[in-house]
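These notes are about the structure you will find just below.
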2 protein chains.
Amino acid sequence: MPKKVDHAARREEIVQAALRLCARDGLAGVTIGQVAEEAGVSKGLVQHYFAGKADLLRASAQILRAEIERHVREAVRGARGPADTLRCVLIAIVELGVTAVVPLLAGHAFVSMAVADPEIRALYRAGGDAVHREIAALVAASGAAPNVDAGAEAHALLGLARGLADGVLLGELGVDDAVAIVDHHLRRILPEVATGSDTPSSRRVSE
Amino acid sequence: MPKKVDHAARREEIVQAALRLCARDGLAGVTIGQVAEEAGVSKGLVQHYFAGKADLLRASAQILRAEIERHVREAVRGARGPADTLRCVLIAIVELGVTAVVPLLAGHAFVSMAVADPEIRALYRAGGDAVHREIAALVAASGAAPNVDAGAEAHALLGLARGLADGVLLGELGVDDAVAIVDHHLRRILPEVATGSDTPSSRRVSE
DNA sequence: CTCTTGGCAGTACGATCGTATTGCATTGCT
DNA sequence: AGCAATGCAATACGATCGTACTGCCAAGAG
């Protein structure tokens with residue numbers, strides 16, 4: 001057998017280049033040639049690792065999901081209790097607007113691509129449902145007021161976080177504003193939530 | 001002078017075809033040739049009315065904004081008082097997920113395009129700011145509780161509505177669920193808001 | 001050592017895109 | 001009626017994209 005190479009790692013390298021390109025030049029700027037150049041490899045190599053452009057895009061959408069999930073999971077590390085975890089998750093989503101612009105921006109592009117590609121659409125649905133379930137579980141475990149339905153509240157919080165992330169992304173409001181809004185809402189549905197900058201989990205984002 | 005033709009109307013026809021195409025096949029499916037075919041005109045005519053593809057896309061983004069604004073303004077017709085108006089606006093945004101899929105979907109595509117095009121980005125910023133100002137004014141005029149900041153609350157409501165619209169668009173939740181969530185939130189910040197299906201402004205959406 | 005197999009680059013090719021150009025029909029003005 | 005300008009279609013062309021194909025280099029097995 002010839003050279004041993006980490007197949008998955010090479011694929012990820014190329015995909016990262018594609019995502020970078022997507023965030024910089026938009027989805028239209030993502031071509032096999034440009035991706036190869038951005039990744040510092042040859043056009044042929046991209047072909048070697050991906051069956052075609054569609055395959056590359058699918059893999060990109062998948063890795064993009066994983067990237068965002070990694071960001072969020074990293075943010076909840078050190079959170080104490082379900083309420084704090086919930087807060088960290090929401091704030092992490094909001095902060096994607098500045099800390100993970102590339103995945104977020106690429107995500108928008110892929111939403112518009114999910115229209116034509118059932119496979120990508122399915123990926124989004126599955127991912128979105130999973131997130132919703134987790135948030136709903138956190139809401140339920142946080143000891144929310146009895147008059148709030150966990151599922152509905154999860155939709156609301158997730159929607160709020162996503163919308164705020166877009167607002168931050170477009171520069172309509174600052175991260176701290178968005179965080180304050182999230183806290184404000186959490187304070188309304190949860191008995192008690194660690195808020196403000198006194199908790200170790202609310203690290204300040206360098207803007 | 002030759003034939004008299006409504007220049008703006010022709011441009012809009014072509015743009016509508018482009019938006020339809022964008023929502024159906026994604027942004028990648030929008031080509032001059034495809035747009036011409038969708039609009040039932042010749043490729044040359046598209047050139048006649050638009051200086052280039054970029055011009056077409058800019059005009060599309062602009063008309064898209066107008067389209068969404070039209071939807072919302074139509075929804076607030078008949079609303080009584082600022083609180084009811086606010087509710088109608090938010091619900092109208094949420095309902096874009098089913099009543100105006102084309103503009104909403106195309107909107108996502110344009111967000112991802114705004115990355116590379118400063119002109120489109122400026123258009124989005126201006127539009128978003130205007131909406132925020134209007135909503136903030138409505139919040140203030142609705143007699144919100146004194147402990148809520150109109151500006152922040154407007155960001156929250158707008159973010160919530162946008163996020164819910166995306167959720168509806170992706171099929172994660174139904175319109176009625178989203179409307180209920182909006183009502184639930186409004187009930188928390190406003191002294192009294194006409195809610196439920198007893199008000200004429202909460203027309204049922206055919207799903 | 002050498003042979004084989006996979007990593008990788010380079011080139012070639014057909015399709016398609018955006019744009020420039022050309023030509024004709026139609027309409028309003030004089 | 002005739003001229004001029006515009007609406008509109010059709011074609012042509014260069015650039016670029018995605019993909020197929022070919023060939024070389026390196027590394028592990030026998």
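Residue numbers start from 1 in every chain, and the chains themselves are labelled A, B, ... in the order their sequence lines are given, proteins ahead of strands.
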| Could you go step by step and tell me if B/E153 and B/R188 meet the salt bridge (Lys or Arg N to Asp or Glu O under 4.0 Å) rule? | CA-CA 11 Å; B/E153 199 62 49; B/R188 282 201 282 231; over 6 Å; no
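- A heavy-atom distance below 4.0 Å to DNA chain C is reached by none of the residues of residues 12-24 of chain B.
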| Nucleic acid footprint by protein, nucleotides 8-22 of chain D - heavy-atom cut-off 4.0 Å, B for base, S for sugar-phosphate alone | BBB-B----SBBB--
| request: Using the side chain to side chain donor-acceptor pair (under 3.5 Å) rule, take B/R187 and B/H184 through it: C-alpha gap first, then chi angles, then the decisive distance, then the call. | output: CA-CA 5 Å; B/R187 222 174 290 127; B/H184 189 235; 5.2 Å; no
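- Pairs engaging residues 96-106 of chain B under the salt bridge (Lys or Arg N to Asp or Glu O under 4.0 Å) rule: none recorded [sequence neighbours left out].
- In this structure, A/L164 and B/H155 approach most closely via the heavy-atom pair CD2-O, 3.8 Å.
- Residues passing the salt bridge (Lys or Arg N to Asp or Glu O under 4.0 Å) test with A/R133: none are found, sequence neighbours excluded.
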Per-pair distances, 0.1 Å, donor-acceptor, side chain in residues 40-52 of chain A, under 3.5 Å, sequence neighbours excluded:
{"unit_1": "A/S42", "atom_1": "OG", "unit_2": "A/G44", "atom_2": "N", "d": "3.4"}
{"unit_1": "A/S42", "atom_1": "OG", "unit_2": "A/L45", "atom_2": "N", "d": "3.2"}

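- In this structure, A/R65 fails the cation-pi test against A/F110, since its NZ or CZ atom is not both closer than 6.0 Å to the six-membered ring centre and inside 45 degrees of the ring normal.
- In this structure, A/D6 places its CG atom 17 Å from P of C/dG6, rounding to the nearest Å.
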Below 3.5 Å, can you tabulate the donor-acceptor pairs from side chains in residues 22-33 of chain B to any protein atom, sequence neighbours excluded?
{"unit_1": "B/R24", "atom_1": "NH2", "unit_2": "B/E38", "atom_2": "OE1", "d": "2.9"}
{"unit_1": "B/R24", "atom_1": "NH2", "unit_2": "B/E38", "atom_2": "OE2", "d": "3.4"}
{"unit_1": "B/T31", "atom_1": "OG1", "unit_2": "B/Q34", "atom_2": "N", "d": "3.1"}

